[in-house]
Each structure stands twice: as structure tokens, then as C-alpha cells.
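Encoded as C-alpha cells, the structure appears first; notes follow it.
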Amino acid sequence: MLHVTDFLHYLYVAAPVNFTQRECEGFKTFLDAQLATHQPAIHSVQIVLRENLYGFQGNQQNPYIKITVNDPKFINKVRSVIEQGTANYKGMWKGSGDGGILTFDSIAYVLRFMIDCKVCCFQLVLDVANTNQISGMSWVEVPAENYTMIPEHERHSNCQIEAWVSYRDLIAHKPEGEWAKMAPLRILSFDIECAGRKGIFPEANYDPVIQIANVVTRYGEKKPFVRNVFCLDNTSSIVNTQLFEFDREEQMLSKWRDFLEEVDPDIIIGYNICNFDFPYLLDRARHLKIRDFDAWTRLKGVRSASKDTNFSSKQMGNRDTKATNTNGRLQLDLLQLVQRDHQLRSYTLNSVCAQFLGEQKEDVHHTMITELFNGTPESRRRLAVYCLKDAYLPQRLMDKLSCLENYTEMARVTGVPFNYLLSRGQQVKFVSQLFRKALEQKLVIPNLRTDATDEQYEGATVIEPTRGYYDVPIATLDFASLYPSIIQAHNLCYTTLLNKNAIDKLKLVKDEDYIVTPNGDMFCTLKQRKGLLAQILEELLTARKQAKRELAVETDPFKKAVLNGRQLALKISANSVYGLTGATVGKLPCLAIASSTTSYGRQMIEKTKEEVEQKYTIANGYSHDAQVIYGDTDSVMVKFGCKDLPTAMKLGEEAAAYVSSKFIKPIKLEFEKVYFPYLLINKKRYAGLYWTNPDKYDKMDTKGIETVRRDNCRLVQNVIETVLRMILIDRDVQGAQEYANLQPSTESC
């Protein structure tokens with residue numbers, strides 16, 4: 001554990017015209033008086049040159065006041081006093097009125113620290129001898145001569161190493177080469193069983209914890225090095241598993257707490273541990289008055305406690321959940337991860353394991369648990385095997401889905417702490433990247449008020465489908481990273497946004513110095529300035545190409561998982577940039593960027609349809625007149641009329657290259673697949689056999705049909721799947737109709 005010192009939080013305010021360096025000390029004193037704290041809150045006030053990120057201002061820097069506080073807890077109070085207008089020193093800010101004064105760079109202290117020190121979500125290496133390097137996630141190095149070890153009696157944590165260091169002495173390493181390796185993290189996966197009363201869900205005040213199974217693994221090793229079960233009462237032995245038997249529940253829980261401290265895991269995982277296992281154990285120990293049971297963290301003075309919380313995001317909606325602090329130890333609840341990343345009909349551990357691992361839990365129904373516990377040592381053994389498998393399955397799920405690698409790489413790419421990825425929505429990742437890039441270019445980001453608004457903008461276009469069953473190949477042409485490429489091609493950004501006043505003041509020339517987007521917004525061209533968003537996207541997409549190249553030649557399975565996680569994180573980050581500019585209740589909404597992006601997208605889909613149907617005609621020497629039968633957001637479906645797959649694929653590739661040449665780089669239309677045969681039911685509802693090579697189809701692909709929807713009974717899903725197989729694979733349309741007519745009506749299911 002490192003105690004990093006000397007880093008102070010700060011914010012900016014645009015300096016009034018008559019504010020000079022001589023005013024700094026007086027303003028500092030005035031602010032302290034307005035804050036009325038028991039200790040001086042303001043560390044310093046100084047004038048610096050910065051540029052507002054929001055709106056193009058001719059690449060001119062202007063004077064800003066940088067206000068630095070002595071303690072990060074004061075920053076929000078300072079910001080509030082300034083924004084409410086009660087800190088208008090000598091009335092220098094004219095016309096601020098009731099709106100107060102706009103502040104800049106509103107960001108959490110931990111993110112400010114990580115951004116300014118160029119630190120990504122990290123682990124620490126103390127290079128004691130300065131010869132051996134320990135590889136890990138995203139590493140921060142502290143040279144041997146620059147840290148001070150803390151004596152044992154003064155330590156705040158249970159860590160093996162604890163030291164003081166100034167933030168100026170941290171060396172952050174980019175996750176490249178040797179520094180890209182994952183750390184050998186110690187991972188504890190656990191599960192508890194409770195003896196509930198018949199027909200009643202277990203309650204901590206009444207129902208005992210009877211077994212706790214634990215599996216401990218080091219990252220990079222395929223087999224766990226600890227497998228044990230803490231059991232209440234005598235239990236028959238299990239092969240390759242330690243059993244710890246106890247007569248009293250209090251003794252068992254205390255020894256499990258000691259085991260947790262001895263194993264000292266870096267990550268604790270399980271299935272539904274956030275909402276059940278963690279809070280139940282704490283509540284049960286409190287009921288039994290077990291002393292120091294809640295000492296789960298690595299900090300001596302901080303105990304674990306469970307509290308109700310609410311998670312809200314556009315992707316996940318509103319979720320009431322519980323949060324338990326385990327300071328110094330990361331948590332991964334596989335239930336929450338699977339719910340966030342995968343759309344399934346059921347999220348029980350049984351269903352999820354069947355989906356991803358091809359196996360299920362031990363055959364013990366929850367109603368049998370108390371009966372098995374009250375039985376014989378052999379019946380308690382059966383329960384322990386069940387509990388142990390429930391502890392091991394989350395570890396196997398995490399490995400199978402590459403959860404740790406994917407989230408680690410997302411933290412590295414976006415620069416946010418690991419725990420932010422699970423506890424926060426999408427915006428914080430984009431904001432972190434934006435602040436990092438802004439710092440490089442001395443840009444400051446306004447703290448805009450983002451009250452909820454009904455203001456809307458037109459989204460993507462959908463070409464009206466020509467519904468029907470197609471027994472000829474249908475080529476699908478997709479725009480690669482459509483919205484990111486539009487933002488890059490047309491230089492859409494906060495930093496390039498213009499209004500009429502700025503155009504007149506700077507004497508800008510249309511089409512040379514600025515463009516007007518299809519919906520009427522104005523942005524300056526590359527001649528004047530390259531947008532910050534375009535730079536971020538360029539870096540993300542370039543890094544993704546590099547990761548994919550490395551992935552293609554890598555043979556080590558663990559390194560492959562890391563590289564795949566990185567390219568996925570880079571892809572997700574690039575695709576999220578557009579969405580956050582249109583989030584009206586966001587950190588930095590800009591509907592001009594969002595609506596301009598979608599307006600270009602609509603224009604491009606229509607142009608693609610027009611170009612394809614004009615070029616691929618009988619008049620131009622082709623065998624048929626091509627027809628775009630459907631288009632949605634970033635793709636079009638084309639019927640070239642040919643009956644064989646190789647010809648359709650060749651025409652698809654040719655058409656993609658031809659249409660791409662009509663657009664500004666890096667916009668690119670790609671041929672991706674052919675559907676053959678193809679059933680087009682309606683907008684966003686279709687099915688077909690998916691071909692990427694002419695020899696064998698890849699899969700049966702469906703969208704918006706009952707086979708993939710989760711709001712229908714199983715009978716409907718099974719009938720639709722059978723009908724689609726008969727139509728698409730067997731090519732037996734008549735047989736499919738007869739089969740469907742024999743099934744019961746949907747009203748009876």
C-alpha cells in the first residue's frame with residue numbers, strides 16, 4: 001500500500017478582464033472568508049492560460065484562474081460558492097446575475113489524480129533492488145530512493161509493504177510489451193449455504209449459515225491451489241478437498257474470517273454475492289455477536305458494511321442493489337457481470353452455466369438443503385459437493401467469458417478505476433478519456449448544468465423493407481464504425497463547434513474554413529483545427545488495429561485473452577463517443593454533434609441505396625437490376641439477383657469498394673456476409689442463413705423474432721425455431737406451414 005502525498009485538487013474559473021496577478025492573494029482571502037471553514041480551504045490562486053473546450057475560439061488561449069484547495073473535501077463547497085454567485089470578488093464578473101459564475105474541470109479527485117499523473121487503473125510495484133521487474137495490470141513504479149517505508153507500528157493496513165511517496169515520484173508505465181502482462185492476482189471464489197425454514201427465504205436473524213465453500217486461484221494458473229468447505233457438523237470426506245468441521249456456527253464464521261485474512265485475496269468473486277452472500281454473512285455475524293467478523297478489508301481502521309444502493313444507467317435501467325466495501329480487494333459478482341454483458345432468458349446460475357459452460361449445478365434443489373443438513377455425514381457431504389461446485393462455477397464462468405481480462409483492459413483503455421466499471425454507467429469512461437486529452441492540449445471543460453430536457457433529435461434512418469421470403473442470396477453491406485468514422489470524417493467536436501457570431505468574428509469562409517452539416521450545425525474544418533473527439537477516436541481505432549494484429553499471431557492463451565479484451569474495450573470505447581454527446585442528462589451533452597452525426601448517417605444510407613441501384617443494372621451489363629430490399633442505421637441488404645453465393649459475394653465486395661470511394665475517409669462500407677435464404681418480416685425483424693464463405697453457412701441468424709426474445713413462453717420459441725429450420729435449412733416452406741398449423745394457438749400457452 002502506498003500513501004501518495006502532495007497532490008491537491010483544483011478547478012478553473014475564466015478570469016474577468018480586469019483581474020491581474022495582484023488580485024490573486026486578495027481573492028484567496030475572500031474565498032476563504034466566504035467558505036467559513038475551521039481551517040484554510042484555499043491553498044493557492046493563480047492565473048494560467050487555458051482554452052475552453054466548448055466551441056471554437058480561433059485557437060486562442062485566455063486567462064483562467066486556477067483555484068487549488070488544501071483538501072479535496074473542500075472542492076465541492078468552493079465550486080458551489082462560485083457558481084451560486086456569492087464569490088463575485090469586487091463585482092469583477094459582470095453580468096453573472098442569478099446564474100453565478102461558470103466553473104471548469106469538475107471531476108472526482110481520484111480521476112483528477114490519475115489523469116494528472118498519467119496513471120491508468122493500476123497496481124503498484126516497489127522496485128526495491130531496481131533490477132527485477134514484476135509484471136502486472138497497468139503498473140506504477142516507485143524508484144527505490146524515492147519512497148519511505150512505514151514502521152510496523154504506524155501502518156494503516158494489513159499489506160505486506162506500506163510506504164510514503166510523493167505523487168511527483170510515481171512512474172506510470174503504459175500497458176505495452178512487458179508492462180502489458182496481468183498480475184498473478186489471488187482470486188477467492190466462495191458460496192454459502194443456509195438452513196432455511198420450509199417455504200421461507202433464509203433470514204439472517206433466524207436461519208444459520210451451515211456451509212461455506214472456497215476456491216482460491218492465482219491468475220495465470222489453470223487449477224485452484226485451495227479447495228475447502230467450512231462445515232457445520234460432521235461431514236464425510238471429499239476427494240482433493242479440505243473439510244473444516246465445527247460444532248458451533250459462531251466458531252465456523254470466525255474461522256472463515258481468519259481464513260479470509262490468511263488467504264488475503266486481491267479479488268473476491270461469486271454468484272449474487274453482492275445481494276446475498278456478503279450481506280447475509282455480515283447480518284448473521286451481527287446477530288450472533290461475533291467480534292471482528294467484519295474485518296474483511298485491508299485497512300485496519302475500516303470495517304466492511306453492507307448498504308442499500310441504486311444503480312441507474314440507460315443501458316441497464318434502474319436496479320436496487322446492495323454494496324459491501326472490501327477496501328483493498330476488488331469484487332466481481334458474476335451475476336451482475338452476466339446481466340450487464342449478455343441478454344439471456346434466465347440468469348440463474350444453472351441456466352447461465354448451461355449456456356456458457358455446457359453443464360449445470362449439482363442436482364440439489366434448494367428445498368432439500370435443510371433436510372440434507374439434518375441428515376447424516378453422507379448427506380452433508382452431498383450438500384458440501386453442491387456448495388463447492390457453486391463456488392467453483394463462478395471462477396470457471398469468469399475464465400470462460402474472460403471477464404477479468406475484458407474489464408482490466410477496459411480500465412486501461414479508459415483510465416478509470418476498476419471498480420468504476422461495475423458501479424457506474426458509460427459516461428465516466430468517456431469523461432476520463434476526454435479529460436486526459438484535454439489536459440495534453442491545455443483545454444478546460446465547462447461544468448454545464450444538465451437538467452433533464454425533452455429536447456430530441458432525429459435518429460438513424462430505416463429504409464422501408466420489401467417484405468418476403470428470398471430464395472436468392474442477399475448481400476449485406478455494413479459501414480465500419482459508422483458514427484465514429486462520421487465524427488472523424490467531418491471533424492465534429494466540442495472544440496470545432498461554431499455559431500454565427502464566431503464565424504463573423506473570425507471571418508471564416510464556408511466550405512474552406514467551416515462546414516454546414518445536413519441539419520444546419522456548423523463546425524470548422526481541419527484547416528482551422530483537428531477536433532479532440534477525432535483525435536481520441538483515431539487513437540482508439542489505431543490501437544485496436546494493433547491489438548488485433550498482435551492477437552492474430554499470439555499463441556499463449558492468457559495473452560490472447562488479454563489482447564482480445566483490449567480490442568473489445570477499444571471498440572466499445574470508440575462506439576460510445578457518439579452516444580454520450582446526445583445524453584441530455586450527461587456530463588457534457590452536445591446535441592449539435594449527436595444530431596449532425598445521425599443526419600450524416602441517414603444521408604449515407606440513402607446515398608448507398610442510390611449508388612448501388614444506379615450502378616448494378618442490366619443497362620450497365622449486369623445480369624439483373626440490383627435492389628436494396630432493406631436498410632437500417634449502418635447496413636443495407638442488397639438483392640443482386642444472381643442465384644449462386646460466389647457471385648453474390650463477389651458483387652458485394654465490389655459494391656462495398658465502389659460506394660466507399662464516394663465518401664470521405666475514414667468512412668468505409670464493407671461487405672460482411674450473405675443471407676441465403678432470407679426471410680424479411682418487418683423492420684428489425686428477419687431471419688436467414690448467415691454465410692461468410694460459399695462452402696458452408698456459419699449459423700442461422702435471427703433478429704427481433706421470438707427465438708431471441710425473452711418475453712415469450714418456451715413453446716412459442718420452440719415452434720418458431722422449428723419453423724425457421726424447416727424454411728431456411730430444409731427449404732421446406734410447405735412443410736413449415738403444415739407444422740405451424742398443427743400447433744396450439746398462442747392464447748393457450
Taking atom types as modelled, is there a side-chain donor on Asn491 or Thr496 under 3.5 Å from an acceptor on the other? no

Going by the rule side chain to side chain donor-acceptor pair (under 3.5 Å), which residues pair with Asp169 if we only count those two or more places apart in sequence or in a different chain? none

Please list, chain by chain and in numerical order, all residues satisfying salt bridge (Lys or Arg N to Asp or Glu O under 4.0 Å) with Lys500, sequence neighbours excluded. Asp504

Could you work out, with side chain to side chain donor-acceptor pair (under 3.5 Å) as the rule, every residue matching Gln567, not counting sequence neighbours? Arg544, Asn564

Got a salt bridge between Arg112 and Asp105, using NZ or NE/NH1/NH2 to carboxylate O under 4.0 Å? yes

Residues in ring-ring contact (aromatic ring centres under 6.0 Å, His included) contact with Phe19, at least two apart in sequence or another chain: Phe27

Any side-chain donor paired with an acceptor under 3.5 Å for Thr326 and Gln331? yes

Looking only at the side chains, is there a donor atom on one of Gln528 and Asn59 sitting less than 3.5 Å from an acceptor on the other? no

Assess the side chains of Thr86 and Gln34: does a donor N or O sit below 3.5 Å from an acceptor N or O? no

Residues 30-50 vs ring-ring contact (aromatic ring centres under 6.0 Å, His included), sequence neighbours excluded, gives Phe30-Tyr89

With Gln57, which residues qualify under side chain to side chain donor-acceptor pair (under 3.5 Å), at least two apart? none

Going by the rule side chain to side chain donor-acceptor pair (under 3.5 Å), which residues pair with Gln441 if we only count those two or more places apart in sequence or in a different chain? Gln535

Test of understanding: with ring-ring contact (aromatic ring centres under 6.0 Å, His included), list the residues that count as partners of Phe74, not counting sequence neighbours. none

May I ask you to decide if the ring planes of Tyr494 and Tyr54 are parallel, tilted or perpendicular, using 30° and 60° as cut-offs? tilted

If you look only at distance, which donor and acceptor atoms sit under 3.5 Å apart when one is on a side chain in residues 63-71 and the other is two or more places apart or in another chain?
residue, atom, partner, partner atom, Å
Asn70, ND2, Pro40, O, 2.9
Asp71, OD1, Lys73, N, 3.0

Contacts of type salt bridge (Lys or Arg N to Asp or Glu O under 4.0 Å), residue Asp6, not counting sequence neighbours: Arg168

Residues Tyr407 and Asp341: side-chain donor-acceptor under 3.5 angstrom: yes

Note: Ser106 and Arg79 closest approach over all heavy atoms is CA-NH2, 3.3 Å

Partners passing salt bridge (Lys or Arg N to Asp or Glu O under 4.0 Å) against Arg529 (at least two apart in sequence or in another chain): Glu51

Partners of Asp521 by salt bridge (Lys or Arg N to Asp or Glu O under 4.0 Å), sequence neighbours excluded? none

